[in-house]
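The structure under discussion appears below in the form of structure tokens.
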Amino acid sequence: MSKTALVVDDSTSMRQMVAFTLGNAGFDVIEGVDGKDALEKSSGKALNLVVTDLNMPNMDGITLIKNLRAKPEFKFIPILMLTTESQDSKKQEGKSAGATGWIVKPFQPDQLLSVVSRVVR
Amino acid sequence: MQIDMSRFRATFFEEAGEHLERMEASLLLIEDTPHDTELLNTIFRAAHSIKGASSTFGIDEVSRFTHVLENLLDRLREGQSVVTSELVELLLRSTDVLSGLLESEKSQGPAPENLEEVFQALHSYNERTAEGQPEGAPETAQPTAADVAATSGSRTIKLHFQPSRDFFRFGQNAVMLIEEIHRLGTVQGSHFEYANVPSFETLDPEACYLEWEFEIATDATDSDIAEIFMFLDETSKYSVTDAAPTADAATEAAASPVDGADGTAATDSDTLTTLPAETNAPVGERRVGDRRVEDRRAEPSGGAAASGSHGKETVRVDRERLDKLINQIGELVIGTSMVEQEWIQRNFNSDSAALVQLGKIVRDLQEMSLSLRMIPVAATFQKMARVVRDLSRRLGKSVRFETEGEDTELDKTVVDQIGDPLLHMVRNSIDHGIESSEARIAAGKPAEGRIVLRAYHQGGNFMIEVEDDGRGLDRSLIVKRAVERGIIESDQNMTDEDVFGLIFAAGFSTAAEVTDVSGRGVGMDVVRRNVEELQGSIVVRSNPGEGCKITIRLPLTLAILDGLLVRLRDAIYVIPLLCVVESIRPQRGDIKRMLGLGEVVSLRGEVVPLLFLDRMLNPEGCHHEDDTTQLLVIIEEQGRKYAVVVDELIGQQQVVIKNLETNFQKVAGVAGATILGDGRVALILDVGGLTALPNRNRVSDPNSTMIIDAEETDTDSEPESEASDQELLEAIASQT
């Protein structure tokens with residue numbers, strides 16, 4: 001059975017890049033343009049991975065993570081957040097909200113996959 | 001896996017452009033509402049987004065620039081510096097530089113000239129504001145090298161690692177972590193703690209009850225260690241204690257217990273040392289659990305909190321594909337018309353219900369397809385806001401800019417082309433229309449001038465207006481100038497509208513002195529040409545002292561055209577309906593020949609030159625003139641009238657424009673072609689180009705008369721009876 005990843009970023013290019021990379025790695029990808037969109041689209045789905053940007057309109061990544069973690073079906077799935085090096089405080093905030101880990105922008109597809117391989121069984 | 005990042009670049013440039021537009025619009029608003037956090041967030045997010053993506057896609061210059069910009073914006077957002085008009089100016093210049101930078105990256109061209117200057121300005125602004133910082137405030141400033149240096153160097157650490165009960169449920173792999181810990185340095189000792197494993201009856205097979213402790217000689221910094229544990233769930237714990245050089249009580253005090261996986265020193269009192277005693281109760285879980293509950297209370301059920309209307313979903317489509325689709329649907333419309341005509345011919349004018357239905361669906365489909373390319377004019381309006389701001393400042397005038405109908409939609413092709421004309425008009429309004437504050441007050445007007453940019457739909461047309469409350473147009477000044485420049489001889493019989501229209505004449509300018517803003521007299525005639533190229537028209541209304549309103553009327557789309565179908569010999573032509581004034585059947589004696597003008601018709605005292613389409617469009621291959629010419633269609637171009645000689649008026653029809661250039665080549669005087677219901681091709685006249693053609697109808701010039709070449713003559717035609725100009729003229733005249 002193939003795995004499903006939820007990729008959330010308001011930047012289309014970034015979202016496409018992550019989605020494409022994960023798609024190439026065999027994931028079925030659901031794309032969300034912001035936290036709110038992602039929450040709606042993930043509802044009722046079985047997810048194996050979430051990769052989300054933090055700073056987004058409508059609903060930011062931290063709130064999305066909190067909302068996902070509040071649902072029993074998403075309590076244990078790996079959630080990775082995309083941050084920049086200037087957002088050290090965000091990493092902490094994200095962890096508290098329930099993020100599994102982070103990927104620091106900029107990153108290459110290989111780096112993304114190596115991080116993903118560490119959290120997805 | 002190698003992934004070609006260049007495939008995302010196009011998307012990046014497109015979205016970066018959108019971010020910039022949003023940023024600019026917000027910057028223009030923020031001056032008035034400097035404390036609007038939502039606006040600040042939007043601006044920040046735009047820069048942040050561009051930075052993140054540009055660095056990922058290796059567009060380094062953009063990323064370097066946005067990095068500094070983002071730092072500055074972050075300060076603003078955190079309230080560490082304030083919005084001043086000077087700062088907004090700098091930020092607006094930054095968006096310009098960024099826009100130029102994106103363009104240069106896209107086209108591999110040179111970077112914008114003032115890149116370094118603005119970069120330095122941003123940089124020094126950051127440094128200036130950082131100096132006055134209270135200590136510890138700039139949390140986001142730089143990932144300082146200081147903390148790295150503080151913890152680097154060879155040392156021996158005690159690393160205690162206690163996974164949470166849910167560790168395995170989170171999909172974590174302890175072996176992998178331990179392997180990574182080993183890579184930190186030399187593991188000098190380790191301890192495996194399994195005392196917490198309960199009796200078999202109460203054991204949860206999926207839970208984790210284990211703990212580890214390592215003693216490692218390492219160069220690794222705290223943040224290196226944090227990297228290893230970055231994927232720990234919140235309730236798992238690790239701590240780093242300095243074990244060397246002397247393991248006495250003093251170092252115990254210097255221990256830095258670490259909470260969770262983030263590498264931040266824990267402030268809670270219940271550090272790891274107290275944990276083993278409480279393992280029966282899931283302490284860690286409860287502790288963090290409590291905090292989570294609090295978090296949620298602070299932000300009640302996030303989903304509902306952030307609710308509100310969700311933005312419409314959109315799909316990005318390649319422009320070329322969209323154009324192809326619209327074109328293809330145009331073909332479908334033509335094909336359907338052909339079927340309809342054929343049906344009528346074969347079935348003796350009886351109707352087919354199915355065909356009627358099909359025709360309706362196809363036409364609906366066409367309308368729908370055209371609407372796909374419709375976009376709001378908001379972005380164009382926004383650019384004008386910037387122009388007004390910059391220009392009014394430069395001229396020291398106080399101007400309020402308002403827009404109405406920003407959401408009005410228009411074909412993207414048209415939107416792309418109205419920017420320049422609008423720019424000229426808005427500039428003109430500020431430069432010539434709006435008076436200085438003193439003059440305004442003296443005239444009993446509010447000190448602040450007002451410019452309104454308005455868009456709306458009216459009867460299948462798109463209307464766009466630039467209105468100002470400035471000094472208005474001065475009829476006598478315009479007339480005087482126009483006479484001086486030889487544009488008119490006098491203003492006799494000219495309405496105000498006619499006179500005001502003169503400002504669009506080439507070489508006309510009433511500005512007393514040429515400013516660097518406008519007044520070179522090249523702007524407004526360009527405006528008119530652009531608008532006419534778009535099949536549009538312009539009307540100027542003005543009351544002296546009260547202001548001026550320029551209204552541009554444009555077709556909603558350039559894909560279809562309202563045309564008058566006319567026949568001249570075998571060929572059918574389409575004349576854009578917008579230029580058609582009237583059609584007349586000339587009387588004997590109406591048509592005369594004038595030196596330098598060729599044949600002319602006298603229309604209520606006005607001398608109107610005749611246009612012979614076949615001669616002009618194909619002077620070489622044109623053959624005889626027969627005596628069937630009997631109708632003239634009067635058209636107007638740039639305020640001048642011309643009479644197109646035709647044999648028959650077929651009727652008014654909406655035609656689908658086919659580009660001649662892509663299918664054949666550019667032909668002067670022809671705007672395009674269309675396919676008629678019966679499958680025949682008709683040329684759509686480009687009236688502007690047509691009237692500018694040389695040898696228009698100057699038959700007095702022997703080289704420009706009909707040259708009959710037997711080889712080139714159409715074989716279908718009758719043997720040519722070589723008609724002289726005079727004969728032709730007589731022929732035309734005798735027809736009536």
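Note that these values count all heavy atoms, side chains included, but never hydrogens, waters or copies made by symmetry. Note on naming: letters A, B, ... go to the chains in the order of the sequence lines (proteins, then strands), and numbering restarts at 1 for each one.
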- Item | Proximal component of Leu64(A), with respect to chain B [non-hydrogen, under 4.5 Å] | neither
- Using side chain to side chain contact (heavy atoms under 4.5 Å, CB included) as the criterion, point out the one residue from Asn41(B), Asp36(B), Thr42(B), Leu40(B) that pairs with Ser26(B). Thr42(B)
- Task: Give a yes or no answer on whether the side chain of Arg15(A) reaches the backbone of Asp9(A) with a donor-acceptor pair at less than 3.5 Å.
- Result: yes
- Item | Segment of Phe13(B) engaging chain A (4.5 angstrom heavy-atom cut-off) | neither
- Flag the one option from Glu14(B), Glu15(B), His19(B), Arg9(B) with the top tally of heavy-atom pairs under 4.5 Å to chain A. Glu15(B)
- Query: Could you give the distance from CD1 (Ile43(B)) to CG (Leu72(B)), rounded to the nearest 0.5 Å?
  - Reply: 11.0 Å
- Message: Can a side-chain donor-acceptor contact be found between Asp60(B) and Ser63(B) if the only test is distance below 3.5 angstrom?
- Response: no
